[in-house]
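Encoded as structure tokens, the structure appears first; notes follow it.
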Protein chains: 4
Amino acid sequence: MTRQRIVNRPRGRPRSQDADTALHAAAIALIRDIGYDAVTMEGIAERAGVGKATLYRRFASKEPLVVEALGGIMRKVPVPDTGTLGGDVRRLLRSTSIMYEDPATRHLLSGLVAAMARNEAIARAVRHGFVATWRDAMRQILARAAARGELRRGLDAAFATHLFAGPLLYRFLIDGDRVDERFTRRVAAVVLRGIAL
Amino acid sequence: MTRQRIVNRPRGRPRSQDADTALHAAAIALIRDIGYDAVTMEGIAERAGVGKATLYRRFASKEPLVVEALGGIMRKVPVPDTGTLGGDVRRLLRSTSIMYEDPATRHLLSGLVAAMARNEAIARAVRHGFVATWRDAMRQILARAAARGELRRGLDAAFATHLFAGPLLYRFLIDGDRVDERFTRRVAAVVLRGIAL
Amino acid sequence: MTRQRIVNRPRGRPRSQDADTALHAAAIALIRDIGYDAVTMEGIAERAGVGKATLYRRFASKEPLVVEALGGIMRKVPVPDTGTLGGDVRRLLRSTSIMYEDPATRHLLSGLVAAMARNEAIARAVRHGFVATWRDAMRQILARAAARGELRRGLDAAFATHLFAGPLLYRFLIDGDRVDERFTRRVAAVVLRGIAL
Amino acid sequence: MTRQRIVNRPRGRPRSQDADTALHAAAIALIRDIGYDAVTMEGIAERAGVGKATLYRRFASKEPLVVEALGGIMRKVPVPDTGTLGGDVRRLLRSTSIMYEDPATRHLLSGLVAAMARNEAIARAVRHGFVATWRDAMRQILARAAARGELRRGLDAAFATHLFAGPLLYRFLIDGDRVDERFTRRVAAVVLRGIAL
DNA sequence: TCCTAAGCGAGACGGTACGTCCAGTCTTCGT
DNA sequence: ACGAAGACTGGACGTACCGTCTCGCTTAGGA
């Protein structure tokens with residue numbers, strides 16, 4: 001007896017991978033060139049050399065497109081392992097702040113936060129992507145510190161994320177200031193002292 | 001010789017105060033009803049029963065209008081004075097979180113953050129308004145605590161604002177979770193310990 | 001054991017000459033349902049259960065398809081032979097007018113004239129089809145009348161067609177009125193008198 | 001006592017006469033350049049230098065626009081008065097045929113007939129415009145001929161229109177042939193004989 | 001009491017982008 | 001090799017807003 005087909009075998013011409021790639025690239029390029037808000041679906045399609053129908057077949061609006069496009073850019077948060085809690089936290093905050101600092105991604109991020117604030121689907125996607133990744137990194141750092149006896153066990157990683165990442169977000173988003181190393185070190189120092197044994 | 005004009009004495013029919021009021025009200029109402037992004041200048045003018053020219057004579061775009069309209073709503077952050085640093089901070093955070101919680105202002109705030117992220121003029125207005133007010137409240141609290149000897153003098157109020165308000169912002173904006181009293185108390189406790197003498 | 005598929009049998013190759021039939025039927029049906037202009041190639045293909053490529057392999061546009069589809073409908077103009085010129089003409093005009101009157105073909109005909117007016121290929125096809133047939137019928141009638149001595153020999157059949165069929169066309173196309181028997185009789189009477197010996 | 005306002009005083013900015021003129025001109029020009037069917041609303045608006053909204057505010061589709069635009073072109077059918085019925089008819093038919101012949105209006109006319117065949121509103125407009133004018137011309141000619149005793153009184157002008165204009169229409173629309181003077185003279189001769197006293 | 005300037009609501013203006021639909025072509029899978 | 005399914009680019013559709021510009025009409029202060 002032959003194995004049963006999984007399900008829903010696609011019929012007709014399959015979707016072009018090239019079109020996806022071109023759309024992602026066009027979206028990123030346009031956001032950098034003219035800013036998130038000035039980007040239009042029409043402009044993306046044209047820049048990508050893709051018909052509007054093809055674009056709309058994939059993305060109902062520009063937000064999901066941008067989320068997907070950004071996925072390839074800010075996917076990785078390297079989990080540091082310096083041997084000490086303080087070293088790990090400082091390095092994690094710093095690598096995050098560098099992302100904020102990068103003029104290339106700067107506008108993308110603020111635009112993305114804007115989109116999250118208004119669109120629940122975007123918000124969910126980001127939460128399950130970058131945000132979850134960050135929190136997991138924090139969880140590992142805390143777990144190792146606990147294993148070394150630097151910290152009590154069971155400290156809430158989500159709460160630690162709020163404490164460490166919140167100040168950076170505030171400075172970036174509300175103040176519009178640079179999130180430099182001096183700032184991340186001060187945040188790390190104060191919060192680490194606050195959550196110490 | 002004729003009397004010198006003081007300055008730019010207005011000529012012609014003065015601007016209607018009613019129109020301003022109606023525009024503010026219409027903007028707020030529409031944001032609550034259909035969301036910040038779906039609000040259009042056209043819609044505001046119609047809802048306010050005001051000509052579009054009248055609207056554009058006052059506001060170049062919807063952001064300044066919304067900022068002004070919101071000014072009347074989130075003007076006051078009462079500066080608590082409980083006699084202890086901890087009490088003051090807990091009360092300040094709590095009153096802030098209540099604003100986040102209020103379903104009435106919730107959408108307004110996220111929409112405003114969205115606007116800040118994309119529009120420098122809005123960002124400036126908000127920074128010089130609500131944000132500055134909050135930081136001043138923090139400054140007073142810290143000063144009183146220092147005067148009581150609870151805290152060292154000269155602690156950076158802006159930095160304290162990042163530490164206290166940042167986690168709330170993160171939770172509100174990124175997680176989309178309720179900013180309840182338990183959360184504000186935990187933030188207050190950790191950060192106070194971190195900045196303690 | 002191979003189970004027999006009840007429904008949703010995947011339609012593959014066995015459809016060759018059925019496709020033509022289905023396309024004709026779909027075209028006719030759609031013209032009646034939604035009108036000539038609202039008919040699209042896409043709609044015809046879908047209604048016929050035929051791929052668009054299959055459709056385009058047969059017809060470059062909807063006009064040739066419609067012409068071919070209509071061929072089966074308005075193929076025959078019976079050449080009357082009543083024994084007198086007047087009888088023949090009256091019968092020919094009447095049978096033509098009945099075609100105009102038929103609510104089923106009415107829209108098809110006006111749509112076809114519309115297509116002729118704009119598309120030379122359609123025009124040629126119709127001229128070599130229905131129009132030529134009609135003129136030949138007229139030629140036979142005139143020839144028999146001449147043989148009977150009712151009419152001079154060599155009367156131009158094309159011109160007679162203009163004289164007899166033109167008024168019907170005008171009434172049908174321009175006035176949008178019914179082309180009833182009273183009308184065809186009056187036309188026959190006047191024109192016959194005009195071309196009499 | 002002051003006179004009452006008539007009615008419905010217009011409010012807001014009045015519609016621009018320039019836009020109307022530009023739209024008419026653009027429609028005519030485009031039909032001549034690329035043919036009736038290839039003309040799009042978008043193209044008309046662009047050629048006229050007019051916003052699409054302005055165009056759609058005036059015309060729901062291109063047919064009414066074309067009808068209106070053509071109104072200015074084929075308004076006049078000069079009613080001939082040569083002193084004899086034959087002279088009048090020959091002149092009327094000839095001036096009509098010249099309109100058919102004019103390469104400028106040729107496409108317009110066939111496109112218009114196409115539109116009539118499919119759109120009742122267009123058909124009505126044309127019937128009450130050009131068609132009615134032509135029939136009235138015919139009526140005057142017949143009346144003068146009757147007054148001169150050349151013809152019996154009360155001959156149906158509409159029917160005469162069918163007889164005279166129908167053959168021209170058929171030749172123009174179905175055959176696609178030139179409607180030259182020889183043809184119009186032959187038609188005039190036969191039909192006049194057919195309706196003679 | 002008029003005059004003049006700037007206000008007012010209404011709505012048309014030239015534009016841009018929207019999201020949908022269809023044209024005509026191309027690609028994959030299954031028969 | 002053919003046929004269905006459905007992807008592809010391209011472009012018009014008709015709508016909604018943008019920000020500007022007339023309209024006819026207040027509404028004030030100054031002459």
Side-chain angles (χ1 to χ4, degrees), chain A residues 9-19 22 38-46 48-62, chain B residues 9-16 18-19 22 38-46 48-62, chain C residues 9-16 18-19 38-46 48-57 59-62, chain D residues 5 9-16 18-19 22 38-46 48-62:
Chain A
R9 173 201 296 274
R11 298 225 272 168
R13 178 175 175 174
R15 293 200 180 166
S16 158
Q17 173 56 41
D18 290 358
V39 174
T40 63
M41 293 294 262
E42 196 121 17
I44 293 169
E46 190 188 348
V50 146
K52 283 171 69 177
T54 299
L55 171 51
Y56 278 104
R57 210 174 283 127
R58 289 164 163 75
F59 306 100
S61 63
K62 76 175 169 177
Chain B
R9 174 194 293 275
R11 303 226 278 165
R13 179 176 174 176
R15 292 196 182 168
S16 158
D18 291 357
V39 174
T40 63
M41 292 292 263
E42 195 121 16
I44 293 169
E46 189 187 349
V50 146
K52 282 171 67 179
T54 300
L55 169 52
Y56 278 102
R57 209 172 284 126
R58 289 164 163 76
F59 305 99
S61 63
K62 79 175 167 175
Chain C
R9 173 194 293 274
R11 295 163 293 263
R13 189 172 160 185
R15 196 101 188 213
S16 195
D18 292 354
V39 174
T40 63
M41 292 293 263
E42 193 121 17
I44 293 170
E46 189 188 348
V50 145
K52 282 171 67 178
T54 301
L55 170 51
Y56 277 104
R57 207 172 288 126
F59 306 100
S61 64
K62 77 176 169 177
Chain D
R5 295 265 180 212
R9 168 176 351 181
R11 299 226 271 167
R13 178 174 173 174
R15 294 202 179 163
S16 157
D18 290 359
V39 173
T40 63
M41 292 294 262
E42 195 121 16
I44 293 170
E46 189 187 347
V50 145
K52 282 172 69 178
T54 298
L55 170 51
Y56 278 105
R57 210 172 282 126
R58 290 165 162 74
F59 306 100
S61 63
K62 75 176 169 177

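Quick note on labels: first sequence line is chain A, next is B, and so on, each numbered from 1.
When rounded to the nearest whole Å, the span between CG of B/D18 and P of F/dT27 equals 12 Å. For C/I44 and F/dA5, the CD1 to C1' distance is 18 Å, given to the nearest whole Å. Nucleotide E/dA23 holds its P atom 8 Å from the NZ atom of C/K62, rounded to whole Å.
The shortest heavy-atom contact between A/S16 and A/R58 is O-NH2, 2.8 Å. Nearest heavy atoms, D/M41 versus D/F59: CE-O, 3.6 Å.
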Every protein N/O within reach of nucleotides 16-18 of chain E N/O, cut-off under 3.5 Å:
unit_1	atom_1	unit_2	atom_2	d
E/dC18	OP1	A/M41	N	2.7
E/dC18	OP2	A/M41	N	3.2
E/dC18	OP2	A/E42	N	2.6

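Residue D/R58 has a polar side-chain atom (N or O) positioned under 4.0 Å from OP1 or OP2 of E/dC13. Between E/dG7 and B/R15, a contact under 4.0 Å exists linking OP1 or OP2 to a side-chain N or O. Between D/R13 and F/dT22 there is a side-chain polar atom (N or O) within less than 4.0 angstrom of OP1 or OP2.
In this structure, D/R15 has no salt bridge (charged side-chain N to carboxylate O under 4.0 Å, His left out) partners at least two apart in sequence or on a different chain. The side-chain contact (heavy atoms from CB on, under 4.5 Å) test applied to B/T40 returns B/E42, not counting sequence neighbours.
Of the residues near DNA chain E, D/L55 and B/S16, the one whose nearest nucleotide (by heavy atom distance) lies more toward the 5' end is B/S16.
Residue-level contact check: A/R57 touches the bases, meaning some heavy atom is under 4.0 Å from a base atom. A/T54 comes within contact range of at least one nucleobase, with a heavy-atom separation under 4.0 Å.
Considering CG of A/L55 and CZ of A/R57, their distance stands at 10.0 Å, rounded to 0.5 Å.
In the set E/dA10, F/dT9, F/dG6, F/dT9 carries the atom at the smallest distance from any side-chain atom of A/V50.
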